[in-house]
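To keep things clear, I will list the structure first and then write my remarks on it.
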There are 4 protein chains.
Amino acid sequence: MIRVGIVGYGYWGPNVARNFHSAEGCRVVRICDGNPDAIARAGKALPGVETTTRLSELIEAPDIDAVAIVTPVSTHFDLAKRALENGKHVFLEKPFTATSVQALELIELAERKNLKIMVDHTFLFTGAVRKIKQLVDDGVMGQIYYYDSTRVNLGLFQHDVNVIWDLAPHDIAIMDHVIAGKPEAIVATGKNHFSEYEYVAYVTIYFANNVIAHLNVNWLSPVKVRTTLIGGEKKMLVWNDLESDEKIKVYDKGVEIENRQGVYDLLVSYRSGDMFSPRLEQTEALRLETQHFIDCVRTGAKPLNDGWAGYRVVNMLEAADKSIKKKGELVCLS
Amino acid sequence: MIRVGIVGYGYWGPNVARNFHSAEGCRVVRICDGNPDAIARAGKALPGVETTTRLSELIEAPDIDAVAIVTPVSTHFDLAKRALENGKHVFLEKPFTATSVQALELIELAERKNLKIMVDHTFLFTGAVRKIKQLVDDGVMGQIYYYDSTRVNLGLFQHDVNVIWDLAPHDIAIMDHVIAGKPEAIVATGKNHFSEYEYVAYVTIYFANNVIAHLNVNWLSPVKVRTTLIGGEKKMLVWNDLESDEKIKVYDKGVEIENRQGVYDLLVSYRSGDMFSPRLEQTEALRLETQHFIDCVRTGAKPLNDGWAGYRVVNMLEAADKSIKKKGELVCLS
Amino acid sequence: MIRVGIVGYGYWGPNVARNFHSAEGCRVVRICDGNPDAIARAGKALPGVETTTRLSELIEAPDIDAVAIVTPVSTHFDLAKRALENGKHVFLEKPFTATSVQALELIELAERKNLKIMVDHTFLFTGAVRKIKQLVDDGVMGQIYYYDSTRVNLGLFQHDVNVIWDLAPHDIAIMDHVIAGKPEAIVATGKNHFSEYEYVAYVTIYFANNVIAHLNVNWLSPVKVRTTLIGGEKKMLVWNDLESDEKIKVYDKGVEIENRQGVYDLLVSYRSGDMFSPRLEQTEALRLETQHFIDCVRTGAKPLNDGWAGYRVVNMLEAADKSIKKKGELVCLS
Amino acid sequence: MIRVGIVGYGYWGPNVARNFHSAEGCRVVRICDGNPDAIARAGKALPGVETTTRLSELIEAPDIDAVAIVTPVSTHFDLAKRALENGKHVFLEKPFTATSVQALELIELAERKNLKIMVDHTFLFTGAVRKIKQLVDDGVMGQIYYYDSTRVNLGLFQHDVNVIWDLAPHDIAIMDHVIAGKPEAIVATGKNHFSEYEYVAYVTIYFANNVIAHLNVNWLSPVKVRTTLIGGEKKMLVWNDLESDEKIKVYDKGVEIENRQGVYDLLVSYRSGDMFSPRLEQTEALRLETQHFIDCVRTGAKPLNDGWAGYRVVNMLEAADKSIKKKGELVCLS
């Protein structure tokens, strides 16, 4: 029985707490938040669970095996480090850390102490992303050519990060999960207007294996869009996450190039067949994810979304930040 | 009565010829195409019009006042130059020329000889773009923040240009027409795969007046998309050109920033009101455009889409090409 | 302070209880349900509220002023009658009663005892229906010609009523609220297959003032549809309740008939102008409705959705049932 | 080589003429229209074809084997009868005739003279209807439960028939083609307002084999809808003819009833699987249809859409007219 403590009971914390509460093989022992109102809400929602406003009563407590940190990104490093130093496994809200250096330090610490880190990339556990992953891994899509995502809406303008750090972690985590290749370099463009932080941004990621990815994120769109196109050799798919049914449509469409001897000889034939929209599993993503964390802690298995997955996302966010400040300069990924 | 000759009767030529044929104040005198089949079709479609396969019989003919050149871009410069030298006004298919240097030379020649050049940016004459232009010019939109266009579909892969030269001229011409500011620099990223020419590309254009524009063009999309978002201070609009009705939706949405003293004081309030979809004029765009050319030739007025408009588009295409070859390097526009 | 008791804490009861709990000028005193599990849930959700499994402790209790009955329709009459006899105001789930005779008896009893009856036609309090009502009452639509609603989806098949009694009460209540005229006769067709109850039905309602209404309800549709078209003299509107934004679109479209001297002289001209989609209020409908009930009880005002509104709906359901059993025989409404 | 004459060169005639002109095994010999302007257009469009304003020069001409009659329905009977009497095969615009008695007389005459009649139910030859037919005939859909069609738009108000005779022939012909069972009775409701002819109508058709069909036709809708739902035991489909791609979506959805011993024991389980959208053939429907006519004339085969198909449609239109005049009275089909 894994004993879990929750740090942070604001917007997302209640969801994390509720799902750990109902996960198998674990028990939520204690919830900590500096805000007494949050603590009161926690007590009401999960009657049997202890609450505290003092961090040490949770992060250093001998009766806690794992800590879920659901606080702003600027606090992640200190909290996670302290939890690891006290021998706790760590579940962290995304993005993992504020810098890639911090991410590496936490990974190193966890490996040294033989503890698990998992970053809350919830989308990886949705029916949609699991189906996309399966279609790619099973070879249905064929070789991937491009990954093109649009995630735009009106608000919420953040006060301490730009739109890339706010919206793109979702897409980067999914892209990283789905595309086998290694990202090599990033170009980001965008515009700020109302503060120092960009409200609109366009991020191109070049991969080693000839794949290109592009993200369009925007806090100032009159319409909400959550659409990803993936172009493959054998199939192409459109994922519209705002559809209640038919979120994913797989098209038997593509091109075949019959002659590459010269540009004027280029013979392109177009294939256009049936479309199908697979039924997706409806299980709550966060429920699967919290269970996965508990299972990994118990069995020692490597989490799908471990510290390295978190690091790769932060590394790309950092590179995008560098590029956008220099108006699209190419930033190579280490 | 302006006497018009048509050079090129392939895919688009018949439309240009038909519209000049029915325009007021002009007469299509002769059609030239090197392909006898094309000439046969021309003769059938426009019985009273002469046809020829010899260019000189048209471009040097004393009974022709204006020449419409509807041929591949690589031929534009030579044909237009010869027409101008022979004292003909020139209507040219887009893009204007293969290089910006050629564009400038043609403009200079036309000005010297007091002849008109018009580049066929047909979209500027559609009901949709005319309505957008009006909304912007009348101040309905307020200050423009961004222009974000997506123009993707499956095919047609071109053999001699990349997807930017094929699809982006439409968007660049529209953007140039609608946005008052001066474009200053371009970043383009993309990927080729099947030939040396990029099949997917992402182009960011920075403007002097704090506007940003972005174009997403792709020949390898499973779905056809023709959508432009324009974010303004007072209104935001979505133009979906694939809608049969309601192509343009104008949203009374936006943000107001109430305090700029510091990032932590940033107070953002969101406005979300009615949406309206204006009725658009249905007149065929090419019909209005050919008439506009004839009217400009007759009255001496400056065409909306004159040589300079054509130059600006070619200049940006050239810059995008330079940038994409260097993986997104910032290319300043002269 | 109106003291409210809730009878029935199954699927919908918790919503009714929660909204009365937060309404102004009232207090939920006690909740009754025969099922101990339901009672346990109620106790948890509303800690300060008493619970009981014995009906008499609520429906006859001297410390209760008004009773909300959220139970199956077959029980409505007995429960409401007993509540009224004990001097309680009554809020009833829709449909009001199982027969129109029962409805009339309850209305008569309430009037005699000077008590309020309100039937839970929640849709009347949605932003969408309130906007439609306003557009009609303000004369924006002009004279109404037709009302055409489609409400179809897969399931839930009911065991004790047909699809008309399950889905059509919503549409009939809305139609009754929006259209000024008096319904005169009903034709209903449909089909059963899996049990004695029709799973699909089509209901036409003829009004006195030349209006026609039609309802399409179906438990066996592969897609969910919630769409209503209203044709008016000056405007026509489409209400798509599944849209998250832009639920209502008002079209400046219509016909004008210029000559009625004979069929061959009939000159029809079509008007097609702008469309607009008004912003709708987002307040929870049930919250407004429960507050309206409390306000009516306190001030003596007549509820929008009083017993007579409930009666008219039941009367039409009864007529539709008669008609459908006789394969579309015209049934006049008394 | 079948020699074809065309009677009527108004709105639809040019399409029929053009398709017969390019069909194999036939030649359009002569076109007749009383309107000299129409004749002039015909001569221009089909240079080698003779034209005339005198009917006898076509309908009695010895050098004509088959006549295509593309005129208003009121003239169909007389023209077709005369053509058959003169030994010509007949291709007729839909609806076949103005009455079912006329239809039977023409069928009898054609059979006696061993001539072919084909009624222009063009939709039967579209890729969409051919795919639906195939899905039903191959058993993919399982037993059919219902057929529910909506065909509404603004205009065109007809001067001599109601909306049922104008729009419903399409749906009735398709339904008749797709559903194996025998239609037994019809209920139609609707409303006129601007003339004696109904502008909106709702038609229910009861079939022998437990199928129900419903048609919603309307000339006064602000939006254009062309949607048909077909509910089957194994699959359900939605056909949206306004989609450019994905016109047909086949849903692996349905219900299973596990126990029919009593209504309270009714156990319904819902199945919800993948959706697929089959690729449709793009060949022009009228081209396939005219070729089919020629082939039937040459080989003696029975046309898919022969006189009997035309009769069944007219028979249902007549019944719908009778029913609508009596406000939905059930009219049995002979």
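Every value quoted in this text rests on a predicted model; they were computed, and no experiment measured them. A, B, ... follow the sequence lines: proteins, then strands. Residue 1 opens every chain.
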Greater than 12 external heavy atoms within 6.0 Å of B:K326's NZ: no
Heavy-atom side-chain proximity of B:V200 to A:H214 below 4.5 angstrom: no
B:K325 NZ: over 12 foreign heavy atoms closer than 6.0 Å: yes
A:E256, part contacting chain B, at a heavy-atom distance under 4.5 Å: neither
Beyond-backbone contact of A:V268 with B:F194, side-chain heavy atoms, under 4.5 angstrom: no
Contacts with chain A made by residues 222-231 of chain B (heavy-atom distance under 4.5 Å), listed by residue number: B:P222, B:V223, B:L229
Part of B:N216 lying under 4.5 Å from any heavy atom of chain A: side chain
Inter-residue atom distance B:K327.NZ - A:E184.CD, 0.5 Å rounding: 6.5 Å
Value rounded to 0.5 Å, distance of OG1 in B:T204 from CD1 in A:I324: 9.0 Å
Contact leader toward chain A among B:T150, B:V211, B:L156, where contacts are heavy-atom pairs under 4.5 Å: B:L156
Separation of A:N210 CG from B:N192 CG (nearest 0.5 Å): 7.0 Å
Greatest number of heavy atom pairs closer than 4.5 Å to chain A - which of B:K191, B:K253, B:E329: B:K191
Structural part of B:E233 lying under 4.5 Å from a heavy atom of chain A: neither
Candidate list B:V203, B:I186, B:T189, B:V187, test side-chain contact (heavy atoms from CB on, under 4.5 Å), partner A:T189, passing option: B:V187
Euclidean distance, B:I212 CD1 relative to A:N218 CG, rounded to 0.5 Å: 9.5 Å
A:Y202 versus B:D148, closest heavy-atom pair with distance: OH-OD2, 2.9 Å
Side chain / backbone / both / neither for B:Y145 at chain A, heavy atoms under 4.5 Å: both
Closest-packed option against chain A by number of heavy-atom pairs under 4.5 Å, given B:L237, B:V238, B:V255: B:V255
B:Y146 and A:Y199 aromatic ring geometry - parallel, tilted or perpendicular at 30°/60° bounds: tilted
